[in-house]
Each structure stands twice: as C-alpha cells, then as structure tokens.
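The next block holds one structure in the form of structure tokens; read it before the comments.
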Number of protein chains: 2
Amino acid sequence: MRPSRKPSNGTTKSLQAEREPLAAVIGGTELQIAYRMGYVLNFYREPSFRRIEMELGLTRPEIVTLIFLNFREGVTASEICEFSGHLKANISRGIIALEKKKLIRRAADKTDSRRQQLFMTAAGRALYARYIPALRERERAMLACLTRAERNEFERLLDKLAAHVPQWAALDEL
Amino acid sequence: MRPSRKPSNGTTKSLQAEREPLAAVIGGTELQIAYRMGYVLNFYREPSFRRIEMELGLTRPEIVTLIFLNFREGVTASEICEFSGHLKANISRGIIALEKKKLIRRAADKTDSRRQQLFMTAAGRALYARYIPALRERERAMLACLTRAERNEFERLLDKLAAHVPQWAALDEL
DNA sequence: ACCAGAAAGTCTCATATGAGACCATCACGA
DNA sequence: TCGTGATGGTCTCATATGAGACTTTCTGGT
C-alpha cells in the first residue's frame, strides 16, 4: 500500500473541514492544464510501473524498450530515446541489461556500424505479455468515466498535441 | 542541449527512409491514450523541471511544494503527497531542505501535533516567481495548436478524468 | 480510560537516474 | 582525400529517488 500516493475520496476529516477542498489544487495552480495532465497520468502510470519494477525486476527504460520493440522490431537506442523521454544513457543501460537477461538481442546495423538494431527474443515477448495486460486494464479504468464520444475527442486532441510537439519542445528558452 | 530528448521534425534520414515513420509509435503501442499523454507531458515537463533543478538548485519535490504553497498556505506534507504524486519521504526531505534555505517556514498544527503547516517566506515567493513564468509560457506553447474551443474541451475532459481518479487509482490489482 | 491500529513525518539503505565526458563511426565541405 | 563537426552508444560520478522501518501522536471501539 502506498498511502501517500492514494488520492483522497474527499472523506478525510482535514479535507472536509476546509471550505474549499484541497483537491481544488488540481485546477488551481497557475498551470491549469499541465497540472491536470500530470495528476491523472501520475496516478495511472506510477503504481503500474512500480509494480512491474518490483515484480519483474525491470527498470523503466527496460519496460519502455520492450514496449517499443513490440511496436517495431529493429529500432535503435537513439530512436527509443527520441520518443520515450528517457536519456540515452539510461536507455543504453536498459538495453545492456535486457540483453544480459536474454530478453532482447542486438545486431549491428549493416549500413552504419555505430547503430545497433534491437529485436525481442521469445523470452522478451513472454515477459512483455506478462505486464501489458495490467497497463491496458488500468488505462481502461482511467478512461471509463468518459463517454465513447468524449474518449474519441480526447484522443483526437492528444493526437493534435503530440503532432505539434516538435514545434515547441526544442525551444530551450522556455 | 539534450539531443536524445528532442523529438525529430521528421527530417532525420533514418525516419524519412521508413515507410511508416517511427513517430507512429506515439499512437501505435497498446496504450493508445496513456502513451500519448505521457509523450506530450514529458516534452512539456522534463526540460522545464530539469532547468529549474539546475539553475535554481531545487529538487522536484521542492518545486512542487512551492507550487502548492502558492496555491494555499498552511497545507501539510501529507496533503502535498496526496496530490503531487511524490512519496512522503521525498516531500519530507524537500520540506526540510526548503526550510533550511529559508524558502518556507513550518508551524506545528495546533489541533494535531503530528502535523506541521507550511508557509512561504518572502524569499520562497521570490524564487517561485522566478521559475513559474517559463512553465506557464511552455504550457501556452504546448497548447497553442488547439483552438479556443478545443482547449476548453480538453480542459473539461481532463477535469472529468481528474475527478474520477479516486475511483480507480486505489485498485492495487491493476 | 484504555488499547489496537492508523496517520504524520523522519530516517536509512540500495538503486535508478541526470549530467556530461568519452570513443568510435559517419557526413560533408574544402 | 582530408578534416571538422555531428551522431550512436557507453561509461563514470554524484545525486535524487523508492522502499520500508521507525517514532510520535491521534482515533475509535470497547
């Protein structure tokens, strides 16, 4: 149990006593939308990932690398970095660890010997299959409060946001 | 510069060469919506927070604590935990560090001597004012691709999701 | 009034992570 | 062809974090 991580149902005495519940902080900071995204995503992602870390002995970069390889075999470390939000040093460590555990294998890229293409092994696929269902199910639970139409609209807006990331993410000044 | 963190504009040779760009991974994993949320949020949050960490010498729990105190003075550590996604040990360390730097002060709660209410000092407010504008501006840039109506709808959906978090977040089985 | 259990906060220890140096390979202009 | 800079990947070091034990204080039932 992680009491410090669990959101209150609003039944805690301290919260009831306050006129405006503390939960208002979710929309009350100066970062209205970003804070909400972080809040929801944290409660989705952290418990799931922690559990995978503990039960299967994987680090976050390792978990993410397997997810990438399930999507496309043959990707390289730097490509995983590009879309995962992990630093290349950590992905590199993760890949080395995954290979040591025989969950993936590496092959030098023919056209560029700096690169190495990554492939899942059967064991890797099996391990992936052990943790993905819980993540999927938790995502479903997270979205259960939306109607079908709302879910589609939410997805559409996220797509739009994701597509525009390159236009601002590189702005180091911000 | 963090090259490994920067999303490609799609102009990288390796990506162009592929029929389906690797960027399709954003919507191509088995976690359609959750992955997109993480992707967008990572590119918003990580660079900003890293910068604050480096330039102002604050840790993430410290940054978050100041954001909470700006929203409401007098909150306690456990309340910050509840809505921040940080473990109580880290918030505790953050609070101790913030007090040592004279950015906040603590006062024992009259009605419950286990608790301590937190308050910003003038220095804390000043430091907060130094990093919040960049976060706000980056949030604005992230959302710039949405129309006014889309932005409102996105916010509404996030509100709905956030409000329902307590209904599923505690399900440890997932 | 008491006791068992919960809650607030702090601490310790092991580990994952961030920053950046480093090496090898590649790309491209002179 | 050479040489300069960029890129892919690995390594080292310091630090932030996660897990969980621990203390003190509060709560609720008997």
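Just so we're on the same page: letters track the sequence lines, and every chain starts at 1.
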Can you tell me the distance, in whole Å, between the [atom1] atom of [X] and the [atom2] atom of [N]?
X	N	atom1	atom2	value
A:L118	D:dG9	CG	C1'	11 Å
B:M54	D:dA16	CE	P	11 Å
A:N90	C:dG20	CG	P	14 Å
A:F49	C:dT17	CZ	C1'	16 Å
A:K88	C:dA16	NZ	P	21 Å
B:I91	C:dC11	CD1	P	16 Å
B:H86	C:dT17	NE2	C1'	15 Å
A:L87	D:dT12	CG	P	18 Å

Residues two or more places apart in sequence or in another chain: which of them pass salt bridge (Lys or Arg N to Asp or Glu O under 4.0 Å) with [X]?
X	value
A:R125	A:E73
B:R93	none
A:E99	A:R106
B:R45	none

Residues which pass side chain to side chain contact (heavy atoms under 4.5 Å, CB included) with [X], listed by chain and number, not counting sequence neighbours:
X	result
A:A126	none
B:A123	B:L103, B:T121
B:A77	B:I91, B:I95

Practice task
Ignoring backbone atoms, establish whether A:S78 has a side-chain N or O less than 4.0 Å from OP1 or OP2 of D:dT7.
Solution key: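 Looking at the OP1 and OP2 atoms of D:dT7, neither is under 4.0 Å from any side-chain N or O of A:S78.
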Exercise for the section: For C:dA24, take OP1 and OP2 only and decide whether either is under 4.0 Å from a side-chain N or O of A:S113. Expected result: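 It does not, given that no N or O in the side chain of A:S113 lies less than 4.0 Å from OP1 or OP2 of C:dA24.
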Problem - Along DNA chain C (nearest heavy atom to each residue), the more 5'-positioned of A:E53 and B:A77 - result: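 Looking at DNA chain C, the more 5' nearest nucleotide goes with B:A77.
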[X] side chain, from C-beta outward: closest of [options]:
X	options	result
B:S92	D:dG8, C:dT10, D:dT25	C:dT10
A:A89	D:dC26, D:dC11, C:dC26	D:dC11
A:R115	D:dG9, D:dG20, C:dT10	D:dG9
B:D112	C:dA8, C:dT25, D:dC26	D:dC26

Polar side-chain atom of [X] near backbone of [Y] as donor-acceptor pair, under 3.5 Å:
X	Y	value
A:E46	B:G85	no
B:R138	A:A169	yes
B:E150	B:T147	yes

What are the atom names and distances for every N/O pair under 3.5 Å that joins the protein to nucleotides 2-6 of chain C?
none

Problem - B:T65 versus B:E62, side-chain donor and acceptor atoms under 3.5 Å - result: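 Distance-only check fails for B:E62 and B:T65.
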Exercise for the section: Return the residues of residues 93-111 of chain B meeting this criterion: a heavy atom under 4.0 Å from some atom of DNA chain C. Order them by number, or give none. Expected result: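 Within residues 93-111 of chain B, the residues near DNA chain C are B:R93, B:I96, B:R106.
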Practice task
Please work out if A:Q116 contacts a base, only the sugar-phosphate, or nothing of the nucleic acid, heavy-atom cut-off 4.0 Å.
Solution key: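 Here A:Q116 touches the backbone only, sparing every base.
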Problem - Helix axis bend for the helix from C:dA1-D:dT30 to C:dA30-D:dT1 - C1'-based end axes, five pairs, 10° rounding - result: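 End axes: 40° apart.
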Problem - Where B:W168 and A:V40 come nearest, the two heavy atoms and their spacing - result: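 Answer, listing the atom of B:W168 first, then A:V40: CH2-O, 4.0 Å.
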Handout entry: Distance (rounded to the nearest 0.5 Å) between A:Y128 OH and B:E30 CD
Key =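 Nearest 0.5 Å value for the OH-CD distance: 3.5 Å.
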Problem - For B:F49, ring-ring contact (aromatic ring centres under 6.0 Å, His included) partners two or more places apart - result: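 Once residues adjacent in sequence are excluded, B:F49 has no partner under the ring-ring contact (aromatic ring centres under 6.0 Å, His included) criterion.
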Exercise for the section: Return the residues of residues 56-66 of chain B meeting this criterion: a heavy atom under 4.0 Å from some atom of DNA chain D. Order them by number, or give none. Expected result: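 Result for residues 56-66 of chain B: B:T59, B:R60, B:P61, sorted by number.
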Practice task
On the 0 to 90° scale, with breaks at 30° and 60°, tag the B:Y39-B:Y35 ring pair as parallel, tilted or perpendicular.
Solution key: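 Judged by the thresholds at 30° and 60°, the geometry between B:Y39 and B:Y35 is parallel.
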